[in-house]
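A quick write-up on the structure given underneath.
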Amino acid sequence: MEFLLYALVLSAMGNVGLAVPDMNHRTGDSDHCNKTVDIYQAVSSPPVTDANRGKPLHCSYKIRVRPARDDWVVFVRFTRLKVGQPNYDRSQCIGGYVQIVDGYKDSNNSNRDFPGFYCGDIDSPKTFISETPQVKIIFHADSYGPDTFLQFDANVEKQGEVHARYGQFPHLYPHRRGAPVPGSYCDRTFHECAPGRCFVQSPGFPGIYPRNLHCRYHVSVRQFLVGLDLTAFDVDGLRCDNLLLCFPRPISKNAEDCPYDIVRVYDGPSDDSPIIVSLCGRGRLKSNIIASGPDILVEFVTSNAGPLLNTGFHFKADSIIDPDTSEPLQLRNNSCFVERYLPENKEITFSNLRSWYPPNTTCAYRFYTTPEDVIRLDFLLFRIERFTMCEESLKLYDAPEPNPTKIITKLCDMNKAQAVYESTGHYLYVEFVSSRGSLDGSSISYEFQVKSVGASSLESGHACSRVLDHDGHLTLPLHELNATNQPVTCNYTLDASSLLHGRINLTLEVPFEKMTKVCTECKTESIVLEVFGATLDDTPLCLCHITRRRSVTITSMSSIMVIMLRSSPVTVDTKNLILAPPSNLKSSNNKDITGNFIFFSDVRCGPEILKLDLQGFITFPSFQENALPGPVHCLWQVPLLPGMDAGFRLENFLGNNCSSDYLKVNHVLLCPTLIEHSFVVQREDIKSSNVVLDLRASEASEINFTLWWTQLRVLPSTSSDYSLMSLGKECEFLCAASMTCIRKELVCNGVPNCPRAKDAPVRRYSPDEEPSMCLSGRHNLHLHWWVIGFGLVISVCILMGLIYSVCRRCQNHRQRF
């Protein structure tokens with residue numbers, strides 16, 4: 001009766017022309033909206049009818065778990081979704097949204113107050129895995145229609161069965177994911193982490209993470225340093241679900257690349273601590289993240305609105321144990337400086353920086369002793385972990401400060417350490433310099449002992465060693481070697497690594513008659529001059545046999561040249577019981593060796609770091625005229641995208657023989673006379689996402705080759721657990737013969753990018769350049785242009801007809817008047 005009265009009132013209002021206020025939300029069909037959903041039940045948005053078309057629609061669905069248990073998690077699988085779009089800064093959804101409320105009012109940890117908004121569309125099913133056994137889905141559309149829809153189904157599992165989240169044997173480690181902070185949805189604390197016991201994960205992992213998050217994870221270990229191993233990462237790595245239109249964004253460590261969702265890692269227990277790194281994108285890090293102490297904070301922030309696409313992150317936390325026998329260099333408050341007084345005969349052992357450090361970091365040790373003594377440094381370990389092109393180095397100074405004129409040596413991946421170094425005074429300064437920074441400690445692993453010893457003149461053989469990194473004059477103290485009865489070695493390192501393919505041109509005035517690559521011919525000589533870095537095979541040039549002074553000119557084959565002047569002990573005359581110097585030292589021609597050196601770039605090699613692209617090539621020689629003769633040694637770096645393999649194809653390699661001329665690609669040795677050779681370097685053999693090319697030739701004018709490379713993915717073997725991977729997303733074009741995948745833009749681009757399988761016959765066309773496939777695509781393109789052209793002609797004719805008809809009507813109208 002009340003309904004009939006209400007209808008009569010509405011009818012009367014309409015008859016008199018009064019406006020009827022519209023409702024803000026329409027509940028829709030009772031079978032498809034505002035309902036409680038049982039598990040294993042598929043749910044879809046209401047059908048579009050005349051009653052709801054173009055009207056606001058608001059539906060909510062509560063997922064019911066029977067019986068209710070706290071150790072269950074809910075899987076919500078979204079099979080179809082299209083509603084609204086996020087605005088430019090992802091602060092809200094325009095046109096509609098979906099909300100996922102994880103936890104009800106009585107839940108200890110819930111996002112019910114600020115659940116955020118999902119909007120956009122998906123092309124493949126996406127799964128949300130709850131943190132609580134209570135989930136509610138809210139679906140809202142400002143204007144409901146056939147282009148707006150939602151479809152999902154729900155399932156439940158016990159927490160212990162979700163191994164990707166809780167790991168194996170979760171009952172043994174009940175707080176593996178940390179202890180929840182009361183009153184928050186995702187804040188957690190981790191205490192005394194040990195291997196396999198602490199999983200730092202985004203909410204919902206391994207499913208879709210919620211919106212409008214601000215999560216804080218405080219991780220600590222009992223002692224030493226805390227480290228994070230990133231095993232999965234997809235934070236705003238996908239901007240759309242169609243890989244043909246937008247590819248996954250590679251992982252970025254630049255905060256400016258992460259305006260929406262971001263993970264920040266702090267070196268300490270709070271966000272007042274120094275920030276180690278900011279991460280977003282999709283992929284893996286090549287290194288762990290190691291803090292400078294036992295505490296680290298991970299902060300996860302997501303935008304208020306966004307797509308239903310990304311699956312978050314998974315870190316494994318562990319304790320990084322330092323050796324008990326050494327004192328590591330540590331970063332404290334962006335500083336790592338050690339100053340120690342060395343008592344007599346007491347040895348102290350130090351080791352390298354183990355924790356993270358930012359770019360342009362300088363760490364230093366200053367050692368000093370009594371003015372009557374000197375300091376001796378013994379390297380117990382020296383190992384290069386990563387190839388850095390001397391962007392990280394260890395420098396030793398015979399001074400209390402890093403004085404360039406007092407440098408003893410510079411140690412890096414191009415200039416390795418010797419055993420013992422000794423100062424001439426009571427100070428020794430050791431400096432670690434890095435221009436690139438690192439997340440897991442220095443690329444140079446070392447342990448050295450320092451101790452105070454009695455003063456001596458050239459006793460260790462390293463007090464006359466120096467490193468020179470600019471053009472200049474050189475003096476080798478030949479008279480000092482003659483004045484001592486101890487074996488002496490002087491090392492002079494000329495470093496031109498600051499130049500592109502830097503080389504050194506050295507001119508020396510020496511009293512030696514013999515210069516040979518067979519240094520055994522000088523083993524009986526008391527004074528020998530050895531030059532390293534001047535030959536293609538890395539053997540030294542030796543100069544010996546003092547007779548008359550002459551000028552020699554030596555050009556380095558690499559950016560580092562080491563000049564070593566060494567003397568042997570004097571001989572003992574056992575018959576007369578006197579010490580007699582060797583006969584060749586009696587000559588008056590024993591003045592100091594002098595010389596000049598000039599640094600230059602080897603223009604024949606071109607740039608050292610080649611362009612990052614899906615495919616590329618290098619041709620030698622790269623110049624067409626004025627081919628410079630002489631031996632040549634070139635090093636290039638081919639940069640690759642993270643996680644990619646590289647296929648190479650060598651064409652027309654001309655040279656002499658493999659003993660004097662060769663090209664090395666990583667560890668693959670290529671010899672001349674190869675008409676064509678194809679091979680693949682897999683990512684397990686690639687360090688720092690770079691492949692190193694090493695060319696050595698005795699005569700540059702006789703070398704000619706072209707080397708092509710392609711970034712690709714090698715499919716796992718059939719015996720691998722990952723052999724059932726989806727080829728649709730991971731493999732845009734399959735090179736079946738070599739079981740590799742390449743990107744679609746490399747297909748039919750005129751360059752054969754598919755590697756040729758071993759022992760396969762040479763084919764005229766590569767599989768990605770087959771004429772039957774490429775020409776058909778072009779014919780289709782021509783057909784499309786023909787159709788478009790025909791349509792344009794018809795459109796122009798119709799337009800001209802309309803104009804003619806309108807003109808005739810206007811003319812007839814004027815004639816009537």
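Everything quoted here is computed from the prediction, not taken from an experiment.
Using a 4.5 Å heavy-atom cutoff, the side chains of Ser698 and Asp661 are in contact. Contact annotation: the side chain of Arg340 approaches that of Glu327 to within less than 4.5 Å [non-hydrogen atoms, C-beta and beyond]. Counting heavy atoms from C-beta outward, Ser438 and Ser287 have side chains that stay 4.5 Å or more apart.
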Full working for salt bridge (Lys or Arg N to Asp or Glu O under 4.0 Å) between Glu509 and Arg549: CA-CA 7 Å; Glu509 294 290 332; Arg549 298 186 70 84; 5.3 Å; no

From CA spacing to verdict: side chain to side chain contact (heavy atoms under 4.5 Å, CB included), Asn505, Arg503: CA-CA 7 Å; Asn505 193 8; Arg503 301 290 184 264; over 6 Å; no

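A disulfide is assigned to Cys634 and Cys605, since their SG atoms are nearer than 2.5 Å.
Put simply, the residue from Glu392, Arg386, Arg383 that forms a side-chain hydrogen bond (donor to acceptor under 3.5 Å, both in side chains) with Ser443 is Glu392. When the options Tyr365, Tyr357, Tyr446, Phe448 are evaluated for a ring-ring contact (aromatic ring centres under 6.0 Å, His included) with Phe432, the one that passes is Tyr357. With respect to Leu353, the side chain to side chain contact (heavy atoms under 4.5 Å, CB included) criterion is satisfied by exactly one of Cys363, Ser434, Ser292: Cys363.
Between the side chain of Asp685 and the backbone N or O of Asn666 there is no donor-acceptor pair closer than 3.5 Å. Looking at Ser423, its side chain never comes within 3.5 Å of a backbone N or O of His426 through a donor-acceptor pair.
Taking CG from Asp257 and CD1 from Ile251, the interatomic distance works out to 11.5 Å, rounded to the nearest 0.5 Å. The structure places CD1 of Ile348 at 11.0 Å from OH of Tyr341, a figure rounded to the nearest 0.5 Å. Taken to the nearest 0.5 Å, the OH atom of Tyr266 stands 7.0 Å off from the OG atom of Ser278.
Heavy atoms from other residues, nucleotides or ligands lying under 6.0 Å from NE2 of His473 number more than 12. Open room surrounds CD on Glu256; 12 or fewer heavy atoms of other groups in view lie less than 6.0 Å from it. Other residues, nucleotides and ligands contribute more than 12 heavy atoms inside 6.0 Å of the CG atom of Leu641. Heavy-atom contacts from other residues, nucleotides or ligands closer than 6.0 Å to NZ of Lys253 number 12 or fewer.
Nearest approach of Val453 to Asp373, heavy atoms of both residues: O-CB, 3.1 Å.
Under 4.0 Å is where a charged nitrogen must lie from a carboxylate oxygen, and between Asp694 and Arg696 at least one such pair does.
Using a 30° and 60° split on the angle between ring planes, Tyr429 and Phe337 fall in the tilted class, from 30° to 60°.
Asp495 and Ser497 share a donor-acceptor pair across their side chains, judged by distance under 3.5 Å alone.
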